[in-house]
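The shown structure was predicted, so the numbers you read here are calculated from the model rather than taken from an experiment.
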Amino acid sequence: MTLPLEPDAIVEVQERFTQALSGRDDRFYSAPPQPRADARLLAALLLDRGQTLEGDGPWQRAIAGGVRVVALRDV
């Protein structure tokens, strides 16, 4: 049995689009609860960052026609 050092977290992602540029609607989705270290790794992948992220965000990255915002939320 292992005891987590940090509480589990949910990765929340918002994709906000400029309607006039992309013609797409904003989106929101979240990943299932997972250990915080794994959640940070997933957030880094979603943001196309190679380094480890600090804190719980929010972090953002430009995407075609808008921006992706990623944050961690306690379970």
What's the separation between atom [atom1] in [X] and atom [atom2] in [Y], rounded to the nearest 0.5 Å?
| X | Y | atom1 | atom2 | value |
| --- | --- | --- | --- | --- |
| L47 | R40 | CG | CZ | 13.0 Å |
| I63 | D48 | CD1 | CG | 12.0 Å |
| R36 | L41 | CZ | CG | 14.0 Å |
| E12 | R73 | CD | CZ | 4.5 Å |
| Q60 | E15 | CD | CD | 13.0 Å |
| L72 | L53 | CG | CG | 8.0 Å |

Specify the closest pair of heavy atoms between [X] and [Y], including all atoms of both residues, with the distance to one decimal.
| X | Y | result |
| --- | --- | --- |
| P33 | V75 | CB-CG2, 3.7 Å |
| W59 | E54 | CZ2-O, 3.3 Å |
| L42 | A31 | CD2-CB, 3.7 Å |

Next item on the list: Go through the steps to decide whether V70 and V11 satisfy the test side chain to side chain contact (heavy atoms under 4.5 Å, CB included), and finish with yes or no.
Entry: CA-CA 7 Å; V70 179; V11 178; 3.7 Å; yes
Item checked: Pair V69-F28, side chain to side chain contact (heavy atoms under 4.5 Å, CB included): steps then yes or no -> CA-CA 10 Å; V69 180; F28 175 84; over 6 Å; no
Next item on the list: Take R27 and F17 through the side chain to side chain contact (heavy atoms under 4.5 Å, CB included) test and state the conclusion after the steps.
Entry: CA-CA 9 Å; R27 298 179 194 165; F17 297 100; 4.2 Å; yes
Next item on the list: Report the C-alpha separation of L46 and V13 in whole Å, then their side-chain angles, then the decisive distance to 0.1 Å, and conclude whether the side chain to side chain contact (heavy atoms under 4.5 Å, CB included) test is met.
Entry: CA-CA 9 Å; L46 290 166; V13 182; 3.6 Å; yes
